[in-house]
Amino acid sequence: MTALLEPATEALPVAGLPLTAAQSGMWFAQALDPQSPAQNTAECIEIHGPVEPRLFARALRRVAGEADALRVRLAETAEGPRQLPLALGSDDPADPARFPFEEYDLRGAADPDATARARMREDLARPFDLAAGPLFQHALFRVADERRLWFQRVHHAVMDGFGYSLLARRTAEVYTALAAGDEPGPSPFGRLTDLVAEDAAYRSSQAYETDRAHWNAAFADRPEAVNLAGRTALPSRTFHRRTAHIGAELSDRLKELAAGVRATWPEVLIAAQALYLSRATHTEEVVLGLPMMGRMGSAALRIPGMVMNVLPLRLTVAPHATFAELTRQVVLGIRAARKHQRYRYEEIRRDLGLLGEGRALVGPLVNVMPFDYGLTFAGAPSTAHNLSAGPVDDLTVNIYDRADGSGLRIDHDGNPALYKEHELGVHQRRFLALLARIAAADPHEPLARHGICTGAERALVLDEFNATARDVPPTTLIGPIEAQAARTPDAPALVFDGSTLTYGELNARANRLAWHLAELGVRPGALAAVAVPRSLDLVVALLAVAKAGGAYLPLDPDYPAERLAHMVEDARPAVVIADTAARVPAGVGVPAVVLQGLDVSGELPVNPPRALTPQHPAYVIYTSGSTGRPKGVVVPHGAIDNRLRWMQAEYPLGPGDRVLQKTPSGFDVSVWEFFWALRVGATIVMAAPGGHKDPAYLARTIREQAVTTCHFVPSMLQVFLAEPGAADCTGLRRVFCSGEALPRETVQEFGRTLPEVELHNLYGPTEAAVDVTYHPCDTRPAVAGPVPIGKPVWNTRLYVLDAALQPCPPGVPGELHLAGVQLATAYLGRPALTASRFVADPYGPAGSRMYRTGDLARWTEHGEIEYLGRTDHQVKLRGLRIELGEIETELAAREGITGACVLVREDRPGDQRLVGYVTGPHAEAFDADAVRDRLAQTLPDYMVPGALVVLDDFPLSPNGKLDRKALPAPAQAATGTGRAPRDPREETLTRLFAEVLGQDRLSVGMDDGFFDLGGTSLLAARLVRRIRDTLGADLAIGALFQAQTPAALAAQLDAGLGNDAVLRTLLPLRTAGSRTPLFVFHPAGGLSWCYSGLLARLDPDQPVYGLQARGLLAEADAHLPASMAEMAADYVRELRTVQPHGPYRLLGWSVGGVVAHTVAVLLQEAGEEVELLSLLDAYPSDQWQDQAVPAEADALTALLRMAGYERTDELTRDDVLATLHREGSALAGLSDTTLTAVVDIVVNNAHLMRAHRHRRFDGDVLFFTAAAPRPEHWLTPDSWRPYIGGTLTEHAIDCLHPHLTQAPHLDEIVDVLSRRLKELDR
Amino acid sequence: MTAGPGPFDQPTGERGQAPTHLVLRNMRAEHSLWPAHTPGPEGWRVTHGPAPYEECAAHIEGAAATA
Amino acid sequence: MATSTLTVEQIRADVADALGEDIADIPVDENLVDYGLDSVRIMALLERWRRDHGADATFVDLAEQPAIEAWAPLLGVTA
């Protein structure tokens, strides 16, 4: 046997050749992960007949010798990566570089085919060493006497699919010839050098530039290329494959169909895949990737090598187009692409800047391979099986025509990082079912007739998931309530502000009003507007309207008057019911019923008759309208009755339950808060107006009122859970959430805070009687993933539909549509709008309707819905529904504004706010506040953008549309202009603003508005909590909305007395609380600020007032008192303005103790009781009489001591100020005038002290001694004995005198003090 | 997801003038807008169209006015 | 075998049909790839010509120079 050295080794120059662009693509892909076997391609040809292995090996060697591409290795050189000549080894087993051919006889194996396949898979998982080569591997497996499997693996950088077919055909030719003893004939292959040369020629040609320009233009608008997984991933080392076969019959029909529309069957399959992709991703525009062999008219037709390219094909799949039109789009699209097909896929990606970003150029690849080999090996026929077509970045659908009459084979190859194997199977099953339907349908009908569900999936989502039919008796909102009232007239029905109405009382009151309303025209079909804030009267009014048979229209008291007037004009109710005359919207020409002062005692307390049916309207609630006008949703009794009956069945309420009513009546959640409990004998606990925004108030109310059932919008629930008192609300049985998406973290936080309480997630638009889906939340920590909105309620159907109104299978996103008895009747007075949103239901009973929500959603496999977002510009902000279009219309209507756009921005995580962008005005001249004020006249406060940004132009995307993503974040930096804080409270407030807003302290000025700085309701709750903790001031969140700057807030905290309030004689440190106030008296400096530390430590229910020296303020008639008695009498007058009569509680530190004792004596002499006199290291005046009158130096010492510091080396007033500044003391903020006054006061007080003669206080004293060693060692509490009638109880605190009013010593003091106060409270 | 006009929205561009929609009416005299590319569901009769979207909307307004 | 002889006009007609175009728009001297001719259509045409006219050419033959006047001799068209 002659040595089989290949004749063409010298076909490559020693220096090798550069790579073609196609090869470079594969080279770089491999370089990203050198150990990855992903670039292996492999095939298995099953030979049915005898094979002579030695001859076969010779044939393989011969072909390798003819195909230059197989005799290279690829390596990095100084000139970049090149293909270098590689000599193939011999057959000698000892040759380390032997020819890569293995032979196996597996006939002894239990399952030879399985074993062979396993070996092939193993080999396929081995990466090639590109630099070493060879870059191919052959194997021949004998699996039966007359059946062998010829396996070949080749690196994709040197060979593509067409190249394989050339090699396979030649191998069969050569083997057949050798087997017949013939000479195989000359090599039919061209040279690799020609391939390289052709590529180089293209790259330097004009055509290259033309092609580049074409692709850049075609993708100038950077379309998003959706894929079935909905996300991208890095390429994996392996892929999952699912294989299916299209039978001969279906294949033939598809071929006929193709011929009928002047297309080929691959084009039909591409069109079908585009249709599938479009419907599976809820997108009209898709981009497919089409691998192209790229050899037409080229020398490459005869050269085995790597040439193929992938071209992007953009298609629009519209429901109104026909399949024939879609296919024509495919045909023409491919035709256009082919003209520029030599420009490479990698280059297009690079030109468009898509490399490395995870942004894809194409979605799935559709790889149609119409060749089969039909090869015979010395007469033995063969079948080809592809094992790997190369790397799979996302999903590739490979389609082979086996050309043996058995139809088509389809492989769905997927990136394991994106698709599980069974998911590929699901996509494949659906695709095949779709093909069958397409083949059976008329291609000239609209695509809308096709959906992508399999038959089983369709039955699942339409029928099985919607089996909610339930017989419900035909009652109304009011009937069951009247029945309950008759059953339990004495049970508590409604609690508000300390008052309770029984069922009997409530029913009677409502009845009286109802008879009155009936006389005024409230009857079935008529509306009654209700403008009543939360109160007993609100419930009475709502019930009365229902009893008269009418529907109520809630008018939220917080809405601007203009908006309410529009609503009334639009709805034309029979009456407007209001609590006071002032609340009746002006000028609407509708009779008003003012409850204040209304006398209906003459009316009957019995249930009025009414011809009310379930079809009559029960309520009309207005929602935001996208074109600028809010619209009224009319909900009939049958709808809301179904909802309430379902709720009672699902979450049984009983007489012991107490439902919190806190949602404003203008939001439909309030409907069940009002009406559910009253049907079953439970009790409504009504929150105070505004209370729904205050988490501390809610926690307190829930605890104190034993609330078992309540609702939260998810963002408010988050705020509530952060409230310290929330964890104590263990009396709750169930909490409902609805109104916005419920984050998993909130559910977990709920589980941590209230582990025994049920949490339920509900969903539904106003257009469908409050809620249509429900999901019980698993609040355990291990549960993850999005929180579903759940399953449908009774007599309700949910449809997730694609753009053609076809049902989407589980997991596929579509628009959520609702059907069933809970649908609203209509939008009041808007027939066209009603007809466009409440449309015919194709899947329900004949003539039934469905409502399209505009929400994007998908079914889970278990029959629950997951919410995915909106399809339009409606948003939910803290549960409140807003049409951005309505705000934009209002903005654009303002003078000088040429364009408007409104967004919800979340620049800080969890912190959402409305931002408006306008064009037209000049930025400097733009008065944002004025515009916002104007908006507030027609829009509710939550719809007024927190910030307005002026732009020269709106940013546009490459396709000319407004690019919302490019709108800039509004500048948040506070200016810090405006004056600086003047006193400790103001200083503290600016500090807290900055802390809560996450900004630098110095950047917050006294006049900077909280919301202007970026504050939101959520952050407002946090600020209020911080103010309470720090200043002890109990502020309702609502106060922040009215007083938005630190300056205004400080004024609020001082009960609106003005900024000088902190220097007034009566200093209200804490006004809130129900206990007897504690009066605290100033030490030597005259200020009572030192007592602010008490606030955080004492019970929040304990009010505290400070008495301060007159003379701090430059008041006209102020003079320093001439005696302690005069001072004390002045203070008695002040404190009696707060508390006219005893018993009194008094406390004083240092000089303040002496003052307190004097005041106590005066009060007793006036006949009042003093139940507490507490002295903090204060000693009677006779202890001081022998001491010299202090000079200024001593006054300064006093000043320092007042601030809590011992004087060290400060000599002058300035020194003292410097110390105060350095220590961050609020006292440093005192004006010069005030400081002078303080010094004067100190000196004066020293005089008064020495001159004073104490009288006797007839009571006990609670004394705290500063027990650390000090120079004035003679001071002892015993010196009070002559002046005290009762017991002196002493507590020694181990510290110096100045430190008594500070932590930690103050803690000890307040401990004892609190206990004493508690005893007194009893 | 790119949300182009849905089956019940007014089509953009030139298609806005094309006869893309129908008006349906059921036994309860309720109206529904409907895309012309899909047959109307059972229990609904076509009372107008195929016609452009705006014309259909106007027809519904008119029908309501005379109801 | 009853086959008819292939003519240039027949080739033109068949190509036009495969491309969904008018026969008048199909040139005999230009690269048909520019008119949308792809490998699948060539194979389908080859199938037909083999079956109906006993043509004896390979895919590679036709793909190398996809113009009707280049094909004619390969398909046995007598001038």
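Owing to the predicted nature of the structure, the values given are computational and were not obtained by experimental measurement. Below, chains carry the letters A, B, ... as their sequence lines are ordered, and counting in each starts from 1.
Residues A/Pro807 and A/Val800 have side chains not in contact (no heavy-atom distance under 4.5 Å, counting atoms from C-beta outward). Considering only heavy atoms from C-beta on, A/Thr316 comes within 4.5 Å of A/Glu284 through its side chain. At least one side-chain heavy atom of A/Leu447 sits under 4.5 Å from a side-chain heavy atom of A/Arg279. With a 4.5 Å cut-off on side-chain heavy atoms, A/Phe838 and B/Ser32 do not count as touching.
Looking only at heavy-atom pairs under 4.5 Å with chain B, the residue among A/Pro845, A/Ala832, A/Gly844, A/Pro223 that has the most is A/Ala832. Of the listed residues (A/Ala846, A/Gly869, A/Gly847, A/Pro446), the greatest number of heavy-atom pairs within a distance under 4.5 Å of chain B belongs to A/Gly847. For the set B/His31, B/His37, B/Met27, the count of heavy-atom pairs under 4.5 angstrom toward chain A peaks at B/His37.
Here the straight-line distance linking atom OG1 of A/Thr322 with atom CZ of A/Arg328 works out to 11.5 Å at 0.5 Å rounding. Atom-to-atom distance recorded for A/Leu856:CG and A/Glu866:CD is 11.5 Å, nearest 0.5 angstrom. Going from atom OH of A/Tyr799 over to atom CE of A/Met850 covers 7.5 Å, rounded to the nearest 0.5 Å. Between the CZ atom of A/Arg449 and the OG1 atom of B/Thr38 there is a distance of 11.0 Å, given to the nearest 0.5 Å. In this structure, CG in A/Leu326 is found 6.0 Å from CD in A/Gln329, a value given to the nearest 0.5 Å.
Sorted by first and then second residue, the salt bridge (Lys or Arg N to Asp or Glu O under 4.0 Å) pairs involving residues 19-41 of chain B (not counting sequence neighbours) are A/Arg849-B/Glu30, B/Arg28-B/Glu30.
When heavy atoms are compared at a cutoff of 4.5 Å, B/Pro35 approaches chain A solely by way of its side chain, counted from C-beta outward. For chain B, the nearby part of A/Arg852 is the side chain; its heavy atoms alone come within less than 4.5 Å. Residue contact with chain B, scored on non-hydrogen atoms closer than 4.5 Å, involves the backbone of A/Ala803 exclusively. Residue A/Ser848 touches chain B through its backbone alone, counting heavy-atom pairs closer than 4.5 Å.
Here the side chain of A/Asn466 pairs no donor or acceptor atom with the backbone of A/Asp463 at under 3.5 angstrom.
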When you look at A/Arg837 and A/Glu767, which way does the salt bridge (Lys or Arg N to Asp or Glu O under 4.0 Å) test go after all the steps? CA-CA 10 Å; A/Arg837 298 219 59 111; A/Glu767 287 88 344; 5.7 Å; no
Should A/Asp570 and A/Arg629 be marked as a salt bridge (Lys or Arg N to Asp or Glu O under 4.0 Å) after you check the CA-CA gap, both sets of side-chain angles, and the distance that decides it? CA-CA 10 Å; A/Asp570 189 58; A/Arg629 277 199 301 143; 3.7 Å; yes
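The contact list for residues 11-22 of chain B toward chain A, using heavy atoms and a distance under 4.5 Å, reads B/Arg15 by residue number. For residues 44-58 of chain B, the interface with chain A (any heavy-atom pair closer than 4.5 Å) comprises B/Trp44, B/Tyr53, B/Ala57, sorted by residue number. Listed by sequence position, the residues of residues 816-830 of chain A in contact with chain B number zero, using a 4.5 angstrom heavy-atom cutoff.
A salt bridge between A/Arg231 and A/Asp394 is absent, with no side-chain N of the basic residue lying under 4.0 Å from a carboxylate O of the acidic one. Salt bridge annotation for A/Arg797-A/Asp841: present, with a cationic side-chain nitrogen under 4.0 angstrom from a carboxylate oxygen.
Defined by atom type and a distance below 3.5 Å, a donor-acceptor pair is present between the side-chain atoms of A/Gln806 and A/Arg458.
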